[in-house]
Asks: 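Below: one structure in structure tokens.
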Amino acid sequence: MILILKQTANQEQIQALIAKLEARQLTVHYSRGEQSTLLGLVGDTASIDIDNLRADDAIEDVKRISEPYKLANRRFHPLDSQIKVGERTIGEGFFQVIAGPCSVESAEQLTCVAHSVKASGATFLRGGAFKPRTSPYSFQGLEEEGIRLLLEAKRQTGLPIVTEIMSDSQLKDFDEVDIIQVGARNMQNFRLLKALGYIKKPILLKRGLANTIEEFLMSAEYIMAGGNENVILCERGIRTFETSIRNNLDISAIPLLKRYSHLPVVIDPSHAAGITWMVQPLSRAAIAAGADGLIIEVHNDPKHALCDGAQSLNPQEFSKVMEDIKRRANFEGRQFDLK
């Protein structure tokens, strides 16, 4: 439920209204926009008498939200959210590029890639320490050692790090990770999502291979319902009948998510098609559609990568793609956030 406040409502009236609502065991979210001030109510609102609320001197109008996701809903929070990660900002007006290898394989490999992607303009370093794989015989990552190597690469380059979590039991291992990634296979791991709701660390939530936009936003809602509003949505392609590419990048997801939600949207062109030469055109499409950033896989020796070499750019290819990304992001009026 959303309460639209009168422009004449003073702070004393607003605070009195909030206290009255909280006394009914409702969680109240205050949102002040350019045109209006809103109070979003979360909890059992079914028994609330709307006419009674409308009679309050501070309230202009009352609206119920029909969608099952409330906190992630743009009607609940009209302005685009900006997620702070150290000195960087992900969201409206800023554009970020997260780059690095699919999996952390060695100190030499990660150090080489980290320095090269920073030199090309990447603003975050990605790398898989724990790798969920379809086959139990495939490389599963270096696990805790992988996180240690990521932190060392961060120390050397200053790039904040992004890496994937597999279970709520691993949270302590991620204390120093800047952004925790929830992979496509874990998008509906509700126990994990609930646990991530109790921390304040930014979460990069990837859409599942066969999930609807509403299901995607409901997974974000699980995290936000626990109190963590630092959620970044990531479209990484969905599974279709097409066999010539790995997945189909759902470009339509960008304007849809932007219309329905206030959360930042990042695109993963590498996992989408699974082909290196498609990364650049898909990146262009994502920027034009309004994405807030990209996550791109880069490996110093893709032919011998232990994971997803076919979709990984080498440092030279990434440098060329980055030049194109910078031009297009700047042309679209989004600040390329280099610090």
Asks: Write down the atom of I238, the atom of G208, and the distance for their closest heavy-atom approach.
Replies: CG2-O, 4.0 Å
Asks: Is the shortest distance from a Lys or Arg side-chain nitrogen in R207 or D250 to a carboxylate oxygen in the other one below 4.0 Å?
Replies: yes
Asks: Below 30° counts as parallel, above 60° as perpendicular, anything between as tilted: where do the rings of H77 and H262 land?
Replies: parallel
Asks: Would you mind reporting whether E164 and F130 have side-chain heavy atoms less than 4.5 Å apart?
Replies: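 Not in contact.
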Asks: Which heavy atom of P160 sits nearest to which heavy atom of V85, and what is that distance?
Replies: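 P160 and V85 have their closest heavy atoms at CB-CG1, 4.5 Å.
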Asks: Quick check: does any side chain N or O of N10 sit under 3.5 Å from a backbone N or O of Q13, one acting as donor and the other as acceptor?
Replies: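 Indeed, once roles are kept as given, a pair shorter than 3.5 Å links the two residues.
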Asks: Filter on ring pair (Phe, Tyr, Trp, His ring centres under 6.0 Å), then keep only pairs touching residues 204-254, sequence neighbours left out; what's left?
Replies: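 Only F190-Y222 qualify under ring pair (Phe, Tyr, Trp, His ring centres under 6.0 Å).
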Asks: Spell out, yes or no, whether I287 and L256 are grouped together once hydrophobic residues are joined by side-chain heavy atoms under 4.5 Å, including indirect joins.
Replies: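 Yes, I287 and L256 fall within the same hydrophobic cluster.
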Asks: Does some side-chain heavy atom of I180 sit less than 4.5 Å from a side-chain heavy atom of F174?
Replies: yes
Asks: Please answer whether the main-chain N or O of I65 pairs with a side-chain N or O of K70 as donor and acceptor at a distance below 3.5 Å.
Replies: yes
Asks: Determine the minimum heavy-atom distance between D292 and P264, stating which atoms define it.
Replies: OD2-CA, 3.3 Å
Asks: Taking atom CG of N248 and atom OG1 of T240, what is their separation to the nearest 0.5 Å?
Replies: 3.5 Å
Asks: Should I275 and F318 be counted in the same cluster of Ile, Leu, Val, Met, Phe, Trp and Tyr side chains packed under 4.5 Å apart?
Replies: yes
Asks: Is the backbone of I161 close enough, under 3.5 Å, to the side chain of D178 for a donor and an acceptor to pair up by distance?
Replies: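 Yes.
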Asks: Tell me whether L171 is reachable from Y198 by hopping between hydrophobic residues (I, L, V, M, F, W, Y) whose side-chain heavy atoms are closer than 4.5 Å.
Replies: no
Asks: Do E323 and K320 meet the salt-bridge criterion of a basic N to acidic O distance under 4.0 Å?
Replies: no
Asks: Do the charged groups of E229 and K200 touch, with an N to O distance under 4.0 Å?
Replies: no
Asks: Tell me whether K118 contacts the main-chain N or O of T157 through its side chain, where contact means a donor paired with an acceptor under 3.5 Å.
Replies: yes
Asks: Indicate the atoms forming the closest heavy-atom contact of I254 with A291, along with that distance.
Replies: CG2-N, 3.7 Å
Asks: Tell me, do Q109 and H299 make a side-chain contact under 4.5 Å, heavy atoms counted?
Replies: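 Yes; the side chains approach each other to less than 4.5 Å.
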Asks: Quick test of your reading of the model: are D56 and K6 salt-bridged, counting only N-O distances below 4.0 Å?
Replies: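 Salt bridge absent between D56 and K6.
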Asks: Could you tell me if the side chain of P202 sits less than 4.5 Å from the side chain of I90, heavy atoms only?
Replies: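 They are not in side-chain contact.
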Asks: Quick check: closest heavy atoms across A286 and L294, and the distance to 0.1 Å?
Replies: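 Closest approach of A286 to L294: CB-CD2, 3.9 Å.
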Asks: Checking S319 side chain against P315 main chain: does a donor-acceptor pair fall under 3.5 Å?
Replies: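 Judged by distance alone, no pair lies under 3.5 Å.
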Asks: Quick one: salt bridge (Lys or Arg N to Asp or Glu O under 4.0 Å) pairs with a partner in residues 276-286, sequence neighbours left out?
Replies: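 The answer is R284-D324.
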Asks: Please evaluate residues K131 and S103 with respect to the criterion side-chain hydrogen bond (donor to acceptor under 3.5 Å, both in side chains), reporting the C-alpha separation (whole Å), side-chain torsions for both, the decisive distance (0.1 Å), and the verdict.
Replies: CA-CA 7 Å; K131 292 302 301 177; S103 62; over 6 Å; no
Asks: Look at D175 together with K201 and state whether they make a salt bridge at an N to O cut-off of under 4.0 Å.
Replies: no
Asks: Is there a donor-acceptor contact under 3.5 Å from the side chain of N228 to the main chain of L196?
Replies: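 Yes; at least one donor-acceptor contact below 3.5 Å.
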Asks: Whether the side chain of E145 engages the backbone of L142 through a donor-acceptor N/O pair (distance < 3.5 Å, no angle test) should be reported.
Replies: no
Asks: Side chains of M187 and N211, heavy atoms from C-beta outward: is any pair under 4.5 Å?
Replies: yes
Asks: Is M278 reachable from M322 through a run of hydrophobic residues whose side-chain heavy atoms are each under 4.5 Å from the next?
Replies: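 Looking at the clustering, M278 is in the same group as M322.
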Asks: Hey, quick one: are L151 and V117 part of the same hydrophobic cluster, counting side-chain heavy atoms closer than 4.5 Å, chains of contacts allowed?
Replies: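 Yes, same cluster.
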Asks: May I ask you to check whether E242 and S244 show a side-chain donor-acceptor distance below 3.5 Å?
Replies: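 Distance-only check passes for E242 and S244.
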Asks: Does S167 use its side chain to pair, donor to acceptor, with the backbone of Q170 at less than 3.5 Å?
Replies: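 Pair absent, no side-chain N/O of S167 close to backbone of Q170.
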Asks: Could you tell me which non-hydrogen atom of E215 sits nearest to which non-hydrogen atom of A210, and how far apart they are?
Replies: OE1-O, 4.3 Å
Asks: Is R126 paired with E297 through a side-chain N to carboxylate O contact shorter than 4.0 Å?
Replies: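 Result for this pair is yes, salt bridge flagged.
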Asks: When rounded to the nearest 0.5 angstrom, what distance separates CZ in R259 from CD1 in I213?
Replies: 13.5 Å
Asks: Do the side-chain N and O atoms of N186 and N189 include a donor-acceptor pair separated by under 3.5 angstrom?
Replies: yes
Asks: Is it true that a side-chain atom of R64 and a backbone atom of T45 form a donor plus acceptor pair closer than 3.5 Å?
Replies: yes
Asks: Does a donor on one side chain sit under 3.5 Å from an acceptor on the other, for T123 and Q96?
Replies: yes
Asks: Mind checking who shares a hydrophobic cluster with I59, ILVMFWY linked at side-chain heavy-atom distances under 4.5 Å?
Replies: M1, L3, L5, I14, L17, I18, L21, L26, V28, Y30, L39, L41, I48, I50, L53, V62
Asks: Within the 4.5 Å heavy-atom criterion, are I147 and V104 side-chain neighbours or not?
Replies: no
Asks: In sequence, state the C-alpha distance, the side-chain angles, and the governing distance for E235 and L249, and then conclude on side chain to side chain contact (heavy atoms under 4.5 Å, CB included).
Replies: CA-CA 7 Å; E235 162 62 38; L249 180 62; 3.8 Å; yes
Asks: Is E152 salt-bridged to R155, going by a charged N under 4.0 Å from an acidic O?
Replies: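 Counted as a salt bridge, because a side-chain N and a carboxylate O are separated by less than 4.0 Å.
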Asks: So, does R74 use its side chain to make a donor-acceptor pair with the main chain of K258 at under 3.5 Å?
Replies: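 Judged by distance alone, yes, a pair lies under 3.5 Å.
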Asks: With a 4.5 Å limit on heavy-atom distance, are the side chains of S106 and L110 in contact?
Replies: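 S106 vs L110: side chains apart.
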Asks: Does a side chain donor of either E67 or N73 reach within less than 3.5 Å of an acceptor in the other side chain?
Replies: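 Present: a donor and an acceptor within the cut-off.
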Asks: Contact between N314 and V298 at the side-chain level, heavy atoms closer than 4.5 Å - yes or no?
Replies: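 No, side chains not in contact.
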